[in-house]
Amino acid sequence: MLDTKFIVENPDIVKKAAEVKNIKCDVDQIVELYNAINMLKAEYETYLAKKNEISKKIPSATNEERPALIAESKEAGEKAKELSEHLEQKEIVLKDLLARVPQIPADNVPFGKSDADNVVIKTVGEKHIFDFEPKSHYDLLIENDWADFEKVAQVAGPRSHALKGVMARLEIAVHMFVMDKLTDNGFTIVSVPAICKPESVMAAGHFPGNDLTIMKDDVYQLGDTGRSLAGTSEITLNALHAGEILKEDDLPILYAGYSSCFRKEAGSAGKDTRGLIRVHQFTKVEQFVICKGTEEESAKWHAKLLSIIEEVMTDLELPYQVIEACTGDMGFNKIRMHDVEAWVPSEEKYRELGSCSTIHDFQARRTNTRYRESGTNKVKFVHTLNNTGIATPRALAPLIENHQTKDGNVRIPEKLRPYMQNKEFLK
RNA sequence: GGAUGGGUGGCCGAGCGGUCGAAGGCGCACGCUUGGAAAGCGUGUGUAGGUGGAAGCCUACCGGGGGUUCGAAUCCCUUCCCAUCCGCCA
């Protein structure tokens with residue numbers, strides 16, 4: 001959500017933002033409606049004021065005066081009610097239009113239409129040179145009986161997986177490892193529900209508009225409960241301080257969200273159907289920051305979140321690259337986004353393991369999360385940022401592929417060994 | 001799922017049809033005091049929208065929605081949330 005006044009005063013900036021993000025929104029209609037509503041509201045409030053004024057006189061009026069006053073007040077009230085019905089209709093339309101306005105990308109974000117236009121800004125780590133034909137993570141898992149896909153698909157449907165034995169342990173280990181790292185960096189681990197209300201989903205601002213059906217392709221709905229399964233704990237964490245006015249001293253709030261995540265993947269039929277890369281249910285440690293609403297704070301935390309996931313990549317000894325998402329690929333609610341992608345030998349390409357985003361006050365406006373600035377005592381919107389900490393099972397794919405040995409074993413990176421009974425190899 | 005009690009400003013909490021944006025306290029800001037701090041004293045202090053050069057004025061908001069009334073924080077209905085007890089349960 002953007003500030004309505006900002007939209008009305010800067011329609012060209014907003015139109016440009018929608019254009020570079022390939023998002024349709026009707027800025028002109030917003031401006032028009034806004035002005036119309038203001039005019040109507042002025043009239044409506046005049047009647048209300050009149051009604052209130054007369055009502056106030058009634059207690060002290062004489063019995064003779066009273067009936068006339070009551071009638072007069074009633075009339076003003078009825079006029080006001082009539083106008084308020086028109087107002088309400090217009091406001092609903094405006095609210096919906098406003099919710100379709102995307103966040104404005106930062107100035108230095110590369111322009112582009114799709115992920116093909118993203119820019120690689122950094123490549124780190126040597127790709128492992130194998131003196132044998134490296135296996136895909138899928139083959140490694142099957143050959144070692146570390147996972148089941150076929151049977152579990154019959155039970156749970158396609159894009160399902162079960163990790164077994166030491167692989168299940170490895171999954172837990174990487175989460176523990178990342179949670180410890182985040183704790184060391186001042187984050188508080190929060191294990192949050194994946195069940196959430198649709199309002200929370202909308203408040204996270206991944207989807208345009210207020211129309212909840214928009215998200216039906218992406219988000220699982222829990223039947224007649226009216227609730228959804230979150231695609232990320234960002235949704236829950238973002239709403240965790242909704243409606244609050246925090247103290248400046250409370251900030252920054254650093255959360256390491258831990259939860260199951262659910263995605264319908266309706267738009268990715270046929271893609272990554274085998275293995276652990278793209279599944280309907282996964283587990284993620286999410287980095288989430290609520291900070292003071294300034295550019296500097298946001299920029300600082302963006303850099304910090306990115307550095308943490310880079311450190312995770314380094315500690316897991318994964319070759320990776322950092323890309324800067326272009327305007328067309330960055331998503332509705334973001335100002336800036338960097339993806340971290342790990343090298344997957346069997347595919348001979350980098351695959352996204354994390355996505356670091358500066359949201360600015362876009363989510364804060366939707367949740368109405370604010371803080372009181374010390375000194376001025378002014379109430380301001382917070383800024384939010386998020387980045388993946390680690391997401392499994394996807395992260396396990398590059399992890400076991402990069403560290404596989406000729407005999408089909410997998411070497412455990414040193415930093416991970418304390419979480420894996422100090423073993424050097426998986427088997 | 002059943003029963004009961006609650007949801008009021010940044011926080012706590014009074015009010016339970018008109019004089020209520022709402023006592024009191026805490027917190028916070030500014031000032032005095034002090035060598036400095038604390039304490040103390042004084043003053044100020046909700047959010048949002050509209051209007052105006054400004055002071056100001058108007059409107060809305062006492063969990064959400066609806067209703068009764070000339071008038072609702074206060075009465076009624078409904079819904080959500082919280083607490084406790086009972087039931088069920090990993």
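Worth saying up front: this structure is predicted, and the values here are computed from it rather than measured.
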Practice prompt. Identify whether any heavy atom of Leu69(A) sits under 4.0 Å from a base atom; if not, whether one sits that close to sugar-phosphate; answer base, sugar-phosphate or nothing.
Written response: nothing
Worksheet item: Can you name the residues that form a side chain to side chain contact (heavy atoms under 4.5 Å, CB included) with Asn10(A), not counting sequence neighbours?
Response: Phe6(A), Ile13(A)
Worksheet item: When the P atoms of A3(B) and U59(B) are considered, how many whole Å apart are they?
Response: 43 Å
Worksheet item: Mind checking who A38(B) pairs with, Watson-Crick or G-U wobble, both distances under 3.5 Å?
Response: none
Worksheet item: What does Ile54(A) touch in the nucleic acid at a heavy-atom separation under 4.0 angstrom: a base, only the sugar-phosphate, or nothing?
Response: nothing
Discussion item. Between C30(B) and G67(B), how far apart are the two C1' atoms, rounded to whole Å?
Written reply: 47 Å
Item to complete: In plain terms, say whether Asp148(A) and Lys164(A) are close enough for a salt bridge, that is, a side-chain N and a carboxylate O under 4.0 Å apart.
Response: no
Fill in: G-U wobble or Watson-Crick pairing nucleotide for A54(B) (cut-off 3.5 Å, both distances)
none
Worksheet item: Starting at the 5' end of RNA chain B, which residue's closest nucleotide do you reach first, Lys247(A) or Lys197(A)?
Response: Lys247(A)
Item to complete: For Lys5(A), answer base if it contacts any base atom (sugar-phosphate contacts may also be present), sugar-phosphate if it contacts only those atoms, and nothing otherwise; contact means non-hydrogen atoms under 4.0 Å.
Response: sugar-phosphate
Worksheet entry | Between C88(B) and U69(B) - C1' atom distance, rounded Å | 46 Å
Discussion item. Can you check the distance between A38(B) and G44(B), where both ends of the measurement are the C1' atom (answer in whole Å)?
Written reply: 22 Å
Worksheet item: Reckon Ser73(A) touches a base, only the sugar-phosphate, or nothing at all at heavy-atom distances under 4.0 Å?
Response: sugar-phosphate
Worksheet item: Do you know which two heavy atoms are closest between Ala256(A) and Leu182(A), and how far apart they sit?
Response: CB-CD1, 3.6 Å
Worksheet item: If only atom types and distance count, is the side chain of His137(A) paired as donor or acceptor with the main-chain N or O of Leu276(A) below 3.5 Å?
Response: yes
Discussion item. Could you tell me how far A72(B) sits from G21(B) if I compare only their P atoms? Round to whole Å.
Written reply: 11 Å
Worksheet item: With the threshold set at 4.0 Å, does a side-chain nitrogen-carboxylate oxygen contact exist between Asp117(A) and Lys113(A)?
Response: no
Worksheet entry | 5' to 3' contact window, RNA chain B with chain A (heavy-atom distance under 4.0 Å) | G10(B) to C80(B)
Worksheet, complete the sentence: side-chain hydrogen bond (donor to acceptor under 3.5 Å, both in side chains) filter on Lys264(A), not counting sequence neighbours, yields none
Worksheet entry | Pair partner, G27(B) [Watson-Crick or wobble, under 3.5 Å] | U45(B)
Response to the item:
Across every strand shown, the nucleotide meeting Watson-Crick or G-U wobble geometry with C85(B) (both distances under 3.5 Å) is G2(B)
Discussion item. When the P atoms of G18(B) and A73(B) are compared, how many Å lie between them, rounded to an integer?
Written reply: 10 Å
Worksheet item: On a whole-Å scale, what distance lies between the C1' atoms belonging to G42(B) and G46(B)?
Response: 22 Å
Discussion item. Counting the atoms with a prime plus P, OP1 and OP2 as sugar-phosphate, which does Tyr371(A) contact under 4.0 Å by heavy atoms, base, sugar-phosphate, or nothing?
Written reply: nothing
Worksheet entry | Residue mapping more 5' on RNA chain B - nearest nucleotide basis, Ala49(A) or Arg370(A) | Arg370(A)
Item to complete: Provide the distance between the two C1' atoms, one in C26(B) and one in G64(B), to the nearest whole Å.
Response: 29 Å
Item to complete: Run the salt-bridge test on Lys79(A) and Glu82(A) with the 4.0 Å N-O cut-off and return the result as yes or no.
Response: no
Response to the item:
Answer for the Watson-Crick or wobble partner of G21(B), both distances under 3.5 Å, is none
Discussion item. For His241(A) and Tyr255(A), take the angle between the two ring planes, folded into 0 to 90°, and tell me which bin it lands in: parallel under 30, tilted 30 to 60, perpendicular over 60.
Written reply: parallel
Worksheet item: Under a 3.5 Å cut-off for both distances, is C75(B) Watson-Crick or wobble paired, and to whom?
Response: G67(B)
